[in-house]
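My questions all concern the structure below.
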Amino acid sequence: MAMHRHGLVSGMVLAVLIGLFAAVDARALPGGRTQSPSSSVNMTIGGVAYTDSRVFFGRYGLKANWVKTGERLRFQGASVKVEIETDKRDAVFNGRRVLLGDPAVFFGSSLYISRVDAEKLFAPLFNPAGAYVPPAPVVRVIAIDPGHGGQDTGTQNKALKLNEKTFTLDVALRLRALLQKQGYKVVMTRTDDRFIPLPERAEIANKAGADLFISIHFNSVENSPAVLGTETYAMTPQNQRSTSTAPSEKDPGARMAYPGNRNDPWNVILGYCIQDKVLGKLGSEDRGLKRARFAVLRFVNVPAVLVESGYLSNTAEARKICTAAYRDDIAEGIAAGIRAYSAATGTTKTK
Ligand SMILES: [Zn+2]
């Protein structure tokens, strides 16, 4: 569907119509949310600032087409394809799942996305070489954080007698070897089976002058043995709920800005690149680029992500994780993601 341009007079008519629409439509919104339009482009819905996706994506030259009118909207650019869906936090960016902080909302004849999603998720992905402040450091030193350790076993698969901490360290050591071979300096938060408190992990990276921080984990879920796949987390931006917080719930941390938020644009580009390359390598199920205010992500001074490579609670995926070849693939995927991030952001070191 072509984008709808209108002059001043029809714009006023549209604004009046939207006003009427809002009054009629308020009860129809999920979760009993209310909306108060301030213009046809921007409005507040249930206390969240929203913007018209067609206007926002249009600025990047993307053309909108309904896959299903009123439900699923596709945007196509020269090298970018995005899909968003009414009342969903699920979006697709170039074939990969990305999770919105707030669900997209159908209104008038368009889909609206939250302004934080527009500015903190899509804008950096559309323009990874953008001049964000502070600039992304050139990648020379990479901090690798193998999750858990010592008395903290991480998640377990009791039937197969597996501890997460063993596999996080194993993948971290494989990744270190790969990155060193490629000329990076690597700092590890641990190199053996020991307990390191979470804030200390960020501090190790900060003190070592790391340019990136990669935390490696494996996932599990209770009583849902069928769940499997790969997900990557970037720090939740300020004024947004984390992925695990439902739209109907309040996120107590949402108002806070942490040191990790200084790198919001870079975090999301790094997360996307790593999720994309790990999925490409493993062929695992895409659980998406997600958001969380994990302790290790909050206090790192540089672009940082946390990778949940697979589910130890899924027997089939756990068996794969038990093979060295699969763990090599995870490490290679992460390393490829780092290179893709550096290429996209112009932070590849030159000799
Ligand atoms: Zn973990």
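We count ligands from 1, going down the list as the structure has it; atoms in each ligand are counted the same way.
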(message) If only side-chain N and O atoms count, and only distance matters, is there a donor-acceptor pair under 3.5 Å linking Q240 with D251?
(response) no
(message) Restricting to N, O or S, what is the name of the atom of E164 that lies nearest the Zn ion (ligand 1)?
(response) OE2
(request) Please determine if D152 and K165 form a salt bridge, counting it only when a charged side-chain N lies under 4.0 Å from a carboxylate O. (result) no
(message) Counting only heavy atoms not in K290 (residues, nucleotides, ligands), do more than 12 fall under 6.0 Å from its NZ?
(response) yes
(request) Compute the angle centred on the Zn ion (ligand 1) spanning NE2 of H148 and ND1 of H217, and express it rounded to 10 degrees. (result) 100°
(message) So, 2.8 Å as the limit: is an N/O/S atom of E308 located closer than that to the Zn ion (ligand 1)?
(response) no
(request) Answer yes or no: does atom CD of E222 have more than 12 heavy-atom neighbours from other residues, nucleotides or ligands under 6.0 Å? (result) no
